[in-house]
Amino acid sequence: MPSFDTVCEPNMVEVKNAVDNSSKEIGTRFDFKGTSAALDLKDKEITVFGDAPFQLTQVEDILTSKLAKRNVDVRFLDKGEVQKIGGDKVKQVIKVRSGIEAEQAKKISRLIKNSKLKVQAQIQGDAVRVSGAKRDDLQAAMALIRKEMADMPLSFNNFRD
């Protein structure tokens with residue numbers, strides 16, 4: 001029976017490369033000389049440091065441009081609150097989303113069920129498997145999911161005939 005998996009997985013190698021390139025650019029730019037502007041990547045969290053909230057937005061702009069050049073969707077980034085750390089310095093934690101949350105997975109399966117397409121959706125951990133008898137129905141389901149879940153950077157893999 002033909003099937004595919006709907007997943008939300010960033011390319012972490014490209015994310016790491018984008019963070020490294022952003023750090024290099026911050027180190028060489030004149031407007032960041034003598035400031036505490038920096039980026040740090042640990043697991044799936046990017047920590048942005050700066051002297052002021054305005055500087056954090058500048059560093060984030062550099063990061064998003066580097067991610068875009070490397071074809072990493074910026075919708076993977078989940079920005080946290082700006083926190084004050086010692087003195088006049090601030091930091092912000094940006095989480096890199098990975099996997100479909102349970103509520104979003106339920107929304108996808110409900111969407112497929114209500115679409116009247118002849119396909120079934122099953123939630124499997126942090127992915128949603130969609131299976132059906134015809135390949136055309138699966139492609140219609142992919143188009144429907146892309147259209148309705150535009151706020152999530154979803155991809156489809158494991159397509160089987």
Side-chain angles (χ1 to χ4, degrees), residues 1-26 38-50 53 56-83 90-161:
M1 189 173 220
S3 68
F4 67 88
D5 290 341
T6 306
V7 295
C8 179
E9 293 177 351
N11 187 345
M12 288 307 291
V13 173
E14 294 296 337
V15 172
K16 183 181 183 317
N17 290 338
V19 169
D20 290 343
N21 287 347
S22 300
S23 294
K24 284 180 188 174
E25 183 174 330
I26 290 167
L39 285 167
D40 185 34
L41 175 68
K42 286 186 182 163
D43 295 328
K44 292 189 177 187
E45 287 187 348
I46 303 168
T47 308
V48 182
F49 298 98
L56 287 181
T57 57
Q58 287 181 320
V59 174
E60 286 174 22
D61 289 344
I62 293 170
L63 177 64
T64 54
S65 70
K66 297 296 181 189
L67 286 169
K69 283 182 184 175
R70 297 195 159 273
N71 293 327
V72 177
D73 199 333
V74 294
R75 293 179 291 176
F76 283 116
L77 303 181
D78 189 19
K79 297 178 183 177
E81 293 182 19
V82 176
Q83 304 166 345
V90 290
K91 77 172 185 175
Q92 184 176 22
V93 177
I94 301 173
K95 292 183 179 158
V96 181
R97 280 194 221 165
S98 181
I100 300 174
E101 298 165 4
E103 192 169 312
Q104 297 290 344
K106 287 178 187 173
K107 189 175 178 184
I108 291 171
S109 64
R110 210 176 313 117
L111 175 72
I112 290 172
K113 192 175 273 187
N114 294 340
S115 71
K116 304 294 186 215
L117 290 171
K118 294 182 180 176
V119 293
Q120 296 83 34
Q122 299 172 321
I123 299 170
Q124 296 184 333
D126 57 356
V128 178
R129 174 157 294 166
V130 180
S131 56
K134 294 182 182 174
R135 195 174 181 163
D136 293 340
D137 290 339
L138 291 179
Q139 290 174 341
M142 281 183 188
L144 177 71
I145 292 170
R146 272 200 189 102
K147 180 181 168 207
E148 295 296 322
M149 304 297 286
D151 60 333
M152 288 186 67
L154 296 174
S155 58
F156 306 102
N157 63 14
N158 214 7
F159 195 96
R160 297 207 173 120
D161 263 334

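Numbers here are sequence positions counted from 1.
- Summarising the geometry of Val72 relative to Asn11, their closest heavy-atom pair is CG2-O, 4.5 Å, with the distance given to 0.1 Å.
- Counting non-hydrogen atoms of other residues, nucleotides and ligands closer than 6.0 Å to CZ of Arg135 gives a total of 12 or fewer.
- Atom CD of Glu9 and atom CG of Asn157 lie 6.5 Å apart (nearest 0.5 Å).
- In this structure a side-chain-to-backbone donor-acceptor pair under 3.5 Å is missing from Arg146 to Ser155.
- Residues Ile100 and Met152 have side chains in contact (heavy-atom distance under 4.5 Å, counting atoms from C-beta outward).
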query: Between Glu45 and Val96, does a side-chain contact (heavy atoms from CB on, under 4.5 Å) hold up when you go through it step by step?
result: CA-CA 6 Å; Glu45 287 187 348; Val96 181; over 6 Å; no

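- With a 4.5 Å cut-off on side-chain heavy atoms, Lys113 and Gln120 do not count as touching.
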task: Kindly indicate, with the supporting measurements, whether the criterion side-chain contact (heavy atoms from CB on, under 4.5 Å) is fulfilled by Glu60 and Lys79.
output: CA-CA 10 Å; Glu60 286 174 22; Lys79 297 178 183 177; 3.1 Å; yes

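- Annotation: the span from Leu67 atom CG to Ser22 atom OG amounts to 6.5 Å, rounded to 0.5 Å.
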- request: Begin from the C-alpha positions of Thr47 and Lys91 and carry the test side-chain hydrogen bond (donor to acceptor under 3.5 Å, both in side chains) through to its verdict.
  value: CA-CA 7 Å; Thr47 308; Lys91 77 172 185 175; 6.0 Å; no

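- Considering NZ of Lys69 and CG of Asn21, their distance stands at 8.5 Å, rounded to 0.5 Å.
- Under the 4.5 Å side-chain criterion, counting only non-hydrogen atoms from C-beta, Ile46 is in contact with Leu39.
- No side-chain heavy atom of Phe159 sits under 4.5 Å from any side-chain heavy atom of Pro2.
- Residues Lys24 and Asp20 are not paired through a salt bridge, judged by the lack of any N-O separation under 4.0 Å between the basic side chain and the carboxylate.
- Residues Ser131 and Leu138 approach most closely at C-CD2, 3.9 Å, considering heavy atoms.
- Leu144 and Ser115 get closest at one heavy-atom pair: CD2-CB, 3.4 Å.
- To the nearest 0.5 Å, the span separating NZ on Lys106 from CD1 on Ile123 amounts to 7.0 Å.
- A salt bridge is absent between Glu148 and Lys107: the closest approach of a Lys/Arg side-chain nitrogen to an acidic carboxylate oxygen does not fall below 4.0 angstrom.
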message: Could you walk me through whether Asn114 and Arg110 satisfy the side-chain contact (heavy atoms from CB on, under 4.5 Å) test, starting with their C-alpha distance in whole Å, then the side-chain angles of each, then the deciding distance to 0.1 Å, before giving a yes or no?
response: CA-CA 6 Å; Asn114 294 340; Arg110 210 176 313 117; 4.0 Å; yes

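- Applying the 6.0 Å contact sphere to CD of Gln124 captures more than 12 heavy atoms from other residues, nucleotides or ligands.
- Distance check, rounded to the nearest 0.5 Å: CG of Asp5 to CG of Leu154 gives 12.0 Å.
- Side chains of Lys42 and Asp40 form a contact here, defined as non-hydrogen atoms less than 4.5 Å apart.
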task: Determine, stepwise, if the pair Asp78 / Ile94 fulfils side-chain contact (heavy atoms from CB on, under 4.5 Å).
output: CA-CA 6 Å; Asp78 189 19; Ile94 301 173; 5.9 Å; no

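- Across Ala141 and Val119, no two heavy atoms sit closer than the pair CB-CG2, 4.3 Å.
- In this structure, the ring-ring contact (aromatic ring centres under 6.0 Å, His included) partners of Phe4, at least two apart in sequence or on a different chain, are Phe156.
- Using a 4.5 Å cut-off on side-chain heavy atoms (C-beta onward), Lys44 and Arg97 make no contact.
- Contact annotation: the side chain of Ile26 never approaches that of Gln58 to less than 4.5 Å [non-hydrogen atoms, C-beta and beyond].
- A salt bridge does not link Asp136 with Lys134: none of the charged nitrogens is closer than 4.0 Å to a carboxylate oxygen.
- Side-chain atoms of Gln92 and Gln83, non-hydrogen and from C-beta on, never get closer than 4.5 Å to each other.
- In this structure, Val90 and Pro53 approach most closely via the heavy-atom pair CG2-N, 3.9 Å.
- Atom CG of Asp43 is separated from atom NZ of Lys95 by 12.0 Å, given to the nearest 0.5 angstrom.
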